[in-house]
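Reviewing the structure listed below.
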Amino acid sequence: MSVTRIHVDRNILIWAVERVGKTVDEYVMENPKFQQWLDGTKLPTFKNVEQFARKFYVPLGYMFLKTPPEEVCPIPFFRNIDNQAHNVNVYDTVAEMQERQEWLSYYLRRIDIGKVEFVGLFSIENSAQDVCDKIREIFGVAHNWAFEYRSIDDALKYITKKIEDKGVIVSYNSVVGFNNSRPLPVKDCRGFTLVDDYAPFIFINSKDAKVAQMFTLFHELAHVLIGYSAGVGEVNLEQLSDLERFCDKVAANFLVPELLLEEAWANVGENYEVLSKRFKVSRFVIARRAMELGYITRNDFFRLYNIWINEPRVKANDSQGGNFYPSAIKKSSRTFLIHVNNALNRNMLLHMDAYRLTGLKGDTFHKILNSPFFV
């Protein structure tokens, strides 16, 4: 019995390989038969095409196109690398979050939940201090709220719950969904915001250092209050847009209030390690605020910045101590899981759609909701 072989356009094959950051030569070295597909001397079977599409995270239908589809990230990303460069894992993560947001926004409108009132409340024409004051009012936190927590983990857990309780979905993850073979490099994505009047989403790369996660959380929260969707990776300070600079300023001013730094500086001086632990931010943020408040010069700041930027990166422990349940809850967002579960109970969502939206299989989904971690 003859095997049916399928013609796949050479341009599609090349596009599929290159979109994941490989070169054709590299892939041919790993899989010499691929050269025959490119040359047309031996075509793949349908099963070969299925396996190839799965390996390169390409929708199967794309394999039968004549020309590669144009994949453009739906939100601007600010990174040191060429902004036109495409990281398929970041792209797919944004798409995944968008799908969740579209469903949740529609669901909340159907059950007559009102808009999140602070979305788009400000613009960059406002002062950063006004935005900070509003954040404290909205979430009911004092200027020194972070001082009450000994660890950055506890501080992050506390403030994330505060933010989610007001209607913002916050997801912490470092891979695409639950696929550990598809990491999200910090250099490409520290976090992003998807603005929506009913269901604003914030994504934080949980592989980043915890103090960096804290800063990114408030940077992205500033995006929610401005009403502008965007993402950020590693980027030189001098290359930021005015809007990104404003969001950075909001985050820095909120996390390191002027009067508190003035008092702390008087007590410990230029001890960045101590100040970093107390304010739950990085040394960069402390030095930046010190520069803004006139404690150090601009030259001093960039001297420190250039020293610290070249130090080995401290990565967060993303394992949750080996326990899958708390990690899965953080990845999906506790609040998002609550909405999905409520929709199931109201017969407004099919179980298969709940599993697809959360990326969790049926048994795992229900075990998480019934676990002591989901309280």
Side-chain angles (χ1 to χ4, degrees), residues 1-79 81-106 171 173 175-185 187-189 192 194 196 201 203 229-231 233 350 352-353 355-361:
M1 182 177 177
S2 63
V3 176
T4 302
R5 297 191 175 274
I6 299 170
H7 173 74
V8 179
D9 192 278
R10 175 187 172 89
N11 290 329
I12 296 294
L13 294 171
I14 294 172
W15 165 79
V17 170
E18 292 181 344
R19 76 192 284 267
V20 300
K22 282 182 174 287
T23 68
V24 170
D25 288 342
E26 287 172 343
Y27 190 60
V28 169
M29 288 288 290
E30 298 169 9
N31 300 270
K33 290 182 180 179
F34 186 65
Q35 187 63 56
Q36 295 177 317
W37 296 8
L38 291 172
D39 298 339
T41 54
K42 187 173 182 180
L43 300 180
T45 65
F46 183 77
K47 185 176 182 180
N48 292 151
V49 174
E50 280 187 311
Q51 292 171 339
F52 180 85
R54 194 178 306 115
K55 179 182 179 68
F56 288 98
Y57 320 116
V58 175
L60 184 58
Y62 284 11
M63 299 303 300
F64 304 101
L65 298 174
K66 294 297 183 184
T67 57
E70 184 178 357
E71 292 182 321
V72 179
C73 190
I75 61 174
F77 251 89
F78 297 91
R79 305 168 296 177
I81 62 174
D82 180 3
N83 280 329
Q84 299 302 313
H86 184 67
N87 184 308
V88 67
N89 291 348
V90 175
Y91 177 88
D92 284 351
T93 297
V94 173
E96 181 181 65
M97 293 298 109
Q98 278 191 316
E99 182 183 18
R100 293 181 182 181
Q101 183 181 64
E102 288 169 5
W103 171 80
L104 182 57
S105 182
Y106 176 67
S171 172
N173 204 348
V175 298
V176 180
F178 291 90
N179 189 341
N180 290 330
S181 67
R182 301 190 65 187
L184 299 170
K187 66 181 178 62
D188 288 344
C189 176
F192 60 83
L194 299 176
D196 180 87
F201 270 61
F203 179 90
S229 300
L350 297 174
M352 62 180 295
D353 290 329
Y355 306 152
R356 176 179 52 78
L357 283 168
T358 59
L360 297 165
K361 295 180 180 178

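Computed from a predicted structure; not experimentally measured.
In this structure, CG on Leu38 lies 5.5 Å from CD1 on Ile14, to the nearest 0.5 angstrom. Note that CD of Glu102 and CG of Asp196 are 9.0 Å apart. Values are rounded to the nearest 0.5 Å. Distance check, rounded to the nearest 0.5 Å: OG1 of Thr4 to NZ of Lys47 gives 14.5 Å. Going from atom CD of Glu96 over to atom CZ of Arg356 covers 10.5 Å, rounded to the nearest 0.5 Å. Here Leu104 contributes atom CG and Glu99 contributes atom CD; the two are 12.5 Å apart, rounded to the nearest 0.5 Å. Atom CD of Gln51 is separated from atom CG of Leu60 by 11.5 Å, given to the nearest 0.5 angstrom.
With sequence neighbours excluded, the residues satisfying ring pair (Phe, Tyr, Trp, His ring centres under 6.0 Å) with Phe178 are Phe324. Evaluation of the side-chain contact (heavy atoms from CB on, under 4.5 Å) rule for Pro76 yields Phe78, Tyr228, Ala230 as partners, not counting sequence neighbours. With sequence neighbours excluded, the residues satisfying side-chain contact (heavy atoms from CB on, under 4.5 Å) with Leu350 are Met352, Asp353.
The nearest pair of heavy atoms linking Val94 to Phe77 is CG2-CE1, 4.0 Å. Shortest non-hydrogen contact noted between Val90 and Cys189 is CG2-CB, 3.9 Å. Across Ile6 and Thr45, no two heavy atoms sit closer than the pair CD1-C, 4.3 Å. Residues Asn11 and Pro68 approach most closely at O-CG, 3.8 Å, considering heavy atoms. Shown here for Gly359 and Arg100, the closest heavy-atom pair between the two residues is N-NH2, 4.5 Å.
Side-chain atoms of Lys66 and Ile12, non-hydrogen and from C-beta on, never get closer than 4.5 Å to each other. Put simply, the side chain of Arg182 reaches to within 4.5 Å of the side chain of Asp92, judged on heavy atoms. Using a 4.5 Å cut-off on side-chain heavy atoms (C-beta onward), Tyr62 and Pro69 make contact. Arg5 is listed as a side-chain neighbour of Lys42, based on a closest heavy-atom distance under 4.5 Å. Phe56 places a side-chain heavy atom less than 4.5 Å from the side chain of Val17.
Annotation for Tyr106: atom OH does not count as buried by contact number, only 12 or fewer foreign heavy atoms lying within 6.0 Å.
Judged purely by atom type and a 3.5 angstrom limit, Arg19 uses its side chain to pair as donor or acceptor with the backbone of Tyr57. A distance-only check finds a donor-acceptor pair linking the side chain of Asn173 to the backbone of Val175 [under 3.5 Å]. Side chain of Asn89 to main chain of Pro183: a donor-acceptor pair is present (N/O by atom type, distance under 3.5 Å, no hydrogens or angles).
A parallel orientation is assigned to the rings of Phe192 and Phe203, their planes being inclined by less than 30° (bins at 30° and 60°). Relative orientation of the Tyr27 and Phe34 rings is perpendicular, given thresholds of 30° and 60° on the angle between their planes.
Each of Val58, Val20, Val176 was checked for a side chain to side chain contact (heavy atoms under 4.5 Å, CB included) with Val88, and the lone residue meeting it is Val20.
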